[in-house]
Amino acid sequence: EVQLVESGGGLVQAGGSQRLSCAASGFTFDDYAVGWFRQAPGKELEGISFSCISSYDDSTFYEDSVEGRFTISTDSAKTTVYLQMTSLKPEDTANYYCAIRSAPAHYYNSDDEYDYWGQGTQVTVSS
């Protein structure tokens, strides 16, 4: 059973940095696509960053709201995905989720493309 466990959320001041982790287990596929999504109270789920983790495509995409401030990376084993967040703003406050899918052709920016989801981790940015 594939499991994703996010960690690293918490309270941070505006302008600060936070690194979220998404530890994956229970899967045997070498290639996958990963997406980071967030949901603020009263708002819809928002996709913010997407990447294809494969030997044939390592493309990454960031939505305008986080471009230049957030960065996706993985560990050497490619079983943990990170979201490094810098220059945080109060509007970044949300519950953050990672999601993955196997056999990717590229990255995917729609939540319905993903098969496995983590439980979420709360990030609160104070002004």
Side-chain angles (χ1 to χ4, degrees):
E1 180 186 1
V2 176
Q3 288 191 324
L4 303 179
V5 178
E6 295 115 336
S7 60
L11 177 64
V12 61
Q13 287 190 331
S17 299
Q18 197 92 336
R19 189 178 77 163
L20 304 183
S21 299
C22 175
S25 63
F27 67 86
T28 58
F29 39 88
D30 294 327
D31 306 313
Y32 60 93
V34 60
W36 283 96
F37 297 80
R38 66 186 182 186
Q39 189 166 28
K43 294 189 176 181
E44 293 186 351
L45 189 68
E46 175 192 18
I48 56 173
S49 184
F50 319 98
S51 185
C52 185
I53 311 295
S54 73
S55 58
Y56 49 86
D57 188 323
D58 62 355
S59 55
T60 301
F61 179 83
Y62 301 94
E63 292 292 347
D64 289 345
S65 58
V66 304
E67 174 82 52
R69 299 189 299 123
F70 290 12
T71 305
I72 282 184
S73 64
T74 65
D75 65 352
S76 58
K78 297 184 179 181
T79 57
T80 300
V81 180
Y82 303 102
L83 184 68
Q84 179 67 49
M85 307 184 295
T86 63
S87 301
L88 283 162
K89 306 173 183 180
E91 51 264 43
D92 293 319
T93 294
N95 206 9
Y96 283 72
Y97 301 89
C98 64
I100 67 172
R101 62 164 282 164
S102 62
H106 45 70
Y107 64 78
Y108 300 88
N109 60 1
S110 175
D111 61 284
D112 60 7
E113 294 281 4
Y114 290 88
D115 302 314
Y116 307 101
W117 290 78
Q119 83 287 355
T121 186
Q122 177 68 34
V123 174
T124 302
V125 184
S126 63
S127 58

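Note that these values count all heavy atoms, side chains included, but never hydrogens, waters or copies made by symmetry.
To the nearest 0.5 Å, atoms CZ (F61) and CD (E67) are separated by 7.5 Å. Taking OG of S49 as the start and CZ of R69 as the end, the distance is 11.5 Å to the nearest 0.5 Å. The line from OG of S7 to CZ of R19 is 9.0 Å long, rounded to the nearest 0.5 Å. With values rounded to the nearest 0.5 angstrom, Q18 atom CD is found 9.5 Å from T124 atom OG1. Atom-to-atom distance recorded for D31:CG and I100:CD1 is 11.5 Å, nearest 0.5 angstrom.
Heavy atoms only, all atoms of each residue included: T60 and S51 are closest at OG1-OG, 3.1 Å. Of all heavy-atom pairs spanning S126 and L11, the tightest one is CB-CD1, 4.2 Å. Among all heavy-atom pairs drawn from G47 and E63, the shortest one is O-CG, 3.0 Å. Of all the heavy atoms in A14 and P90, the pair that sits closest is CB-CD, 4.1 Å.
A perpendicular orientation is assigned to the rings of F50 and F37, their planes being inclined by more than 60° (bins at 30° and 60°). Using the six-membered ring where Trp is involved, W117 and Y114 have ring planes that are perpendicular, over 60° apart on the 30 and 60° scheme.
Looking at D30 and S55, their side chains never come closer than 4.5 Å, going by heavy atoms from C-beta outward. Inter-residue side-chain proximity for L83 and I48 is flagged as met; some heavy-atom pair is nearer than 4.5 Å. The side-chain heavy atoms of C98 and V81, taken from C-beta on, include no pair separated by under 4.5 Å. The shortest distance between side-chain heavy atoms of R38 and D92 falls below 4.5 Å. Taking 4.5 Å as the limit, some side-chain heavy atom of T93 sits within range of a side-chain heavy atom of Q122. Looking at heavy atoms from C-beta onward, V2 lies out of side-chain contact with Y32 at the 4.5 angstrom threshold.
With sequence neighbours left out, the side chain to side chain contact (heavy atoms under 4.5 Å, CB included) criterion links S59 to C52, D57, Y107. When the side chain to side chain contact (heavy atoms under 4.5 Å, CB included) test is applied to E91, the partners found at least two apart in sequence or on another chain are K89.
Y96 places no side-chain N or O within 3.5 Å of a backbone atom of G8 that could act as its donor or acceptor partner. Judged by distance alone, with hydrogens and angles left aside, the side-chain atoms of E6 form a donor-acceptor pair with the main-chain N or O of Q119 at under 3.5 Å. In terms of modelled atom types and a separation under 3.5 Å, the side chain of T121 and the main chain of G9 share a donor-acceptor contact.
Hydrophobic clustering keeps V123 apart from Y97 (ILVMFWY residues linked when any side-chain heavy atoms are closer than 4.5 Å, directly or through intermediates). There is a path of hydrophobic side-chain contacts, each under 4.5 Å, that joins V125 to Y62. Linking Ile, Leu, Val, Met, Phe, Trp and Tyr residues whenever their side-chain heavy atoms come within less than 4.5 Å leaves V5 and V34 in two separate clusters.
When L20, D75, I72 are each tested for a side chain to side chain contact (heavy atoms under 4.5 Å, CB included) with Y82, only one passes: D75.
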